[in-house]
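Have a look at the structure below, then the notes.
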Amino acid sequence: MEKLGNWKRSHTCGALRKENAGAEVTLMGWVDSWRDHGGVFFVDLRDRYGKTQIVFNPEAGEMYQKAKDLRNEFVVAVRGQVALRPTGMINKNIATGEIEVAAKELKILNPAKVTPFEVSAYVEAAEELRLKYRYLDLRRPDMQRNLLIRNELYKTTRAYLDRHGFVDIETPILMRSTPEGARDYLVPSRLYKGSFYALPQSPQMYKQILMVAGMDRYFQIVRCFRDEDTRADRQPEFTQIDIEMSFVDQEDVMALVEGLTAEMMQNILGRKISLPLPRLTYAEAMARFGSDKPDLRFGLEIRDVTALAGQSEFKIFVETVTGGKTVQALCLPGGAKYSRKQIDDLAQYATQMGAKGLVTLKVTESGWEGGAAKFFSSGVIGKVNAAWPAKAGDLLLFVADEEEKAQKVLGALRLRLAQEEKLIPENSFNFLWVVDFPLLEFDEEEKRWMARHHPFTAPKDEDIALVDTAPEKVRAKAYDLVLNGTEIAGGSIRIHQRELQKKMFNLLKLSDAEAENKFGFLLEAFEYGAPPHGGIAFGFDRLVMLFAGRKSIRDVIAFPKTNAALSLMDGAPSPVDEKQLRELGIKLA
RNA sequence: GGGGUCGUGGUGUAGCUUGGUUAACACGCUGGCCUGUCAAGCCGGAGAUCGCGGGUUCAAGUCCCGUCGGCCCCGCCA
């Protein structure tokens, strides 16, 4: 092992080109691979910027012998002369492929053990290993690229919002636990034993208070914490681009976000998108795609066939219709080829998604084929077929249930079928807004209305009267931005008037005392001159994931946690000393 | 909380359906050869009680039960 001494890196491993031929350079990096030809010895030196081939010639004596001991992932410094590669030896696969560096001096700055998986391998390593040895995983160009895309998105976000007059303000990480929403991560207080801070699920209330404070335009790229089960696109801690603005309505927030989105597309992917972005109401998204975050990269739309199903002799459908429920359906072009087992799998999936059953019928030249086919007259068959229209060789899939339940099940089937049939175009970016969300949803367990977005979301002006008479019909000034079937941002205009807020709390069955206890500081703030305001928050990790073309946000987070919320590299969470617990006044059960 | 799936030398996989001799292949590692490769090549070598525990059996990587871990999904995530 040798000292760096006064050596300075003159170029990165991705910098040298044929124009540099003849230059004396100093490169530092990791051994990406080595090739011993008995005589000449090659090393591909790697850093974040690229790879450069180093050549060691036998004439170099002592240094040549030293070079022969180099192995993968050794950290080395090399001094030498840039040389054009001999004719026919150019490697078109790398940017530095026209040159190589003829080594004159070599320092082995640090050796490396044989790595648990091959860093520059073409074979993938198991994710468990990648997470445990994250520093090795992050040496891979793919992962470095993801983090660089992430960095570009930070930069674009900050530049854009700065240009639009937004102020980056930090909000507390240690805050008061608030009810509603996700489970909080708690931090015990040493000074006030038995009391806890909570880590923010989002800085929601702080940013609203910043509006009361007159900051007018706030943003923050901020870590948020939710103690809920994970998914490919959900981690215990994640990052939001949090935005709030005063004296605006829904259109202002949406226009701002569209500008930011377009700039991201331009800067990161070099693509222009046309504005304004398309919009769907929640009702339409559910009716046509069975999802509040529909993937519009493919069709396969759902149709409501309740009326026609009611004209059949099929008992299940007839009872559904007379019971005031609906029958919805999908048509899979070419789906008649599906085997019994494939259809059984679909039915099982539908059941898992909450359906009571799945009725499938194959479309033929003469009508329908399948167990239930005989209950439908040719007239009804013709009209149902006409809905898509369906043709011979297609498969019809029916779900009979309450409207939204049936839509959701078919929405899930729609996605699954699109994946199986490879209907989703790669490398396409489909943005849309979903607007006019219901303000509330009824919680069957607690037998009360719950805020769908959060309890400060304003109802649409024209729906305020319905709050008392038909809460289920009230639409919110809320909007979600969807990209390729993933919700990437969501926001709303907030209630800024005490009276309306009070009304909402009553509806949510939150007593004055409870409201006071839980949100008192915010409500009090609203009494000292709260401007109309609203905002939005991006799920930043999801955004990076989609821009990087990955399937999990773990690939765009430097140190993510597993499904079970463990950090395999550092072993968090871990037990702590008895002494630490005593200081906090905590006794384990 | 529930469902699914995977776990085999250091790594990635095959073998498991239908139990049966020495667990196979590639990469990596290692010894040797080789002066122009670039996922170098050629010859040789080491390296696996098949995640863990129990059971069935004359016999278990293979079948059964349990358990642990990774991943995907439902619930959950205002």
Side-chain angles (χ1 to χ4, degrees), chain A residues 32-45 51-59 64 71-73 83 85-94 96-97 100 102 113-133 136 178-184 201-202 204-205 224-236 238 345 348-355 408-409 412 415-416 419 437 439-441 443 445 449-457 476 478 487 490-492 504 508 510 519 537 539 551-552 554 561-564 566 568:
Chain A
D32 190 68
S33 65
W34 53 276
R35 292 174 292 281
D36 185 351
H37 284 256
V40 66
F41 186 90
F42 296 103
V43 164
D44 289 344
L45 199 61
K51 288 187 216 173
T52 300
Q53 175 166 286
I54 315 291
V55 194
F56 295 91
N57 280 295
E59 295 73 37
Y64 173 75
R71 291 296 179 269
N72 289 348
E73 304 310 318
R85 293 199 187 187
T87 351
M89 305 298 170
I90 288 170
N91 183 350
K92 291 196 176 72
N93 298 322
I94 59 175
T96 60
E100 61 194 7
K113 294 204 291 185
V114 174
T115 51
F117 55 89
E118 290 161 62
V119 171
S120 50
Y122 286 68
V123 276
E124 283 288 301
E127 188 156 10
E128 196 171 354
L129 272 178
R130 293 173 51 207
L131 290 173
K132 179 166 183 191
Y133 300 96
L136 298 178
T178 52
E180 308 253 347
R183 194 176 294 116
D184 282 325
Q201 297 172 27
S202 87
Q204 182 62 37
M205 283 189 274
C224 302
F225 306 85
R226 292 179 189 174
D227 190 1
E228 299 291 348
D229 288 350
T230 61
R231 286 288 188 284
D233 61 355
R234 274 166 36 189
Q235 282 270 304
F238 61 99
D345 285 349
Q348 195 189 341
Y349 184 62
T351 310
Q352 192 198 332
M353 300 305 294
K408 278 184 182 168
V409 171
L415 280 179
R416 180 178 159 138
Q419 280 157 14
F437 279 84
L439 182 68
L440 304 156
E441 60 192 335
D443 188 311
E445 257 176 57
W449 291 99
M450 303 276 279
R452 196 179 177 101
H453 189 56
H454 61 62
F456 313 112
T457 301
E487 180 198 329
S492 66
M504 283 300 303
L508 299 175
L510 218 61
F519 309 114
K551 291 205 158 44
S552 164
R554 289 187 304 276
K561 293 178 177 54
T562 65
N563 258 346
L566 298 172
L568 294 182

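Each chain gets a letter, A, B and so on, in the order its sequence line appears, and its residues count up from 1. These numbers were taken from a predicted model, which means no experiment stands behind them.
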Is A:Arg35 close enough to B:U37 that one of its side-chain N or O atoms is under 4.0 Å from OP1 or OP2 there?
no
Would you please name every residue forming a side chain to side chain contact (heavy atoms under 4.5 Å, CB included) with A:Asn563, sequence neighbours left out?
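With sequence neighbours excluded, A:Asn563 shows a side chain to side chain contact (heavy atoms under 4.5 Å, CB included) to A:Thr230, given in chain and number order.
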One pair to check against side-chain contact (heavy atoms from CB on, under 4.5 Å): A:His37 and A:Phe42. What are the steps and the verdict?
CA-CA 8 Å; A:His37 284 256; A:Phe42 296 103; 3.7 Å; yes
List the residues meeting salt bridge (Lys or Arg N to Asp or Glu O under 4.0 Å) with [X], not counting sequence neighbours, and say none if there are none.
X        : result
A:Lys561 : A:Glu237
A:Arg554 : A:Glu127
A:Asp227 : none

Under 5.5 Å and under 30°: A:Phe117 stacked on B:U11:
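Here the ring of A:Phe117 and the base of B:U11 are not stacked, as the 5.5 Å and 30° limits are not both satisfied.
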Should we say atom CD of A:Glu441 is surrounded by more than 12 heavy atoms from elsewhere, each under 6.0 Å from it?
yes
Report, one pair per line, the protein and nucleotides 68-77 of chain B atoms (nitrogen or oxygen only) whose separation is under 3.5 Å.
from, atom 1, to, atom 2, distance (Å)
B:G69, O2', A:Glu128, OE2, 2.5
B:G70, OP1, A:Thr562, OG1, 3.0
B:G70, O4', A:Glu128, OE1, 3.3
B:C71, OP1, A:Asn563, N, 3.3
B:C71, OP2, A:Asn563, N, 2.8
B:C71, O3', A:Arg554, NH2, 2.9
B:C72, OP1, A:Arg554, NH1, 3.3
B:C72, OP1, A:Arg554, NH2, 3.0
B:C72, OP2, A:Arg554, NH1, 3.3
B:C72, OP2, A:Asn563, OD1, 3.2
B:C73, OP2, A:Ala232, N, 3.3
B:C74, OP2, A:Arg231, NE, 2.9
B:C74, OP2, A:Arg231, NH2, 3.4
B:G75, N7, A:Arg231, NH2, 2.8
B:G75, O6, A:Arg231, NH1, 3.0
B:G75, O6, A:Arg231, NH2, 3.3
B:G75, N1, A:Asp229, OD2, 2.7
B:G75, N2, A:Asp229, OD2, 3.3
B:C76, O2', A:Glu228, OE1, 2.6
B:C76, O2, A:Arg234, NH2, 3.1
B:C76, N3, A:Arg234, NH1, 3.1
B:C76, N3, A:Arg234, NH2, 2.9
B:C76, N4, A:Arg231, NH2, 3.3
B:C76, N4, A:Arg234, NH1, 3.1
B:C77, O3', A:Ala182, N, 3.4
B:C77, O2, A:Arg234, NE, 3.3
B:C77, O2, A:Arg234, NH1, 3.0
B:C77, N3, A:Arg234, NH1, 3.2

Touch check for A:Glu100, heavy atoms < 4.0 angstrom, all strands: base, sugar-phosphate only, or nothing?
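Base: the residue A:Glu100, judged by heavy atoms under 4.0 Å, touches a nucleobase.
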In 5'-to-3' order, the base (B), backbone-only (S) or no-contact (-) status of each nucleotide in nucleotides 23-35 of chain B, using a 4.0 angstrom heavy-atom cut-off, is ----BSSS---BB
Looking at B:U37, does its base get a donor-acceptor pair with the side chain of A:Gln53 below 3.5 Å?
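Answer is yes: a donor-acceptor pair is held.
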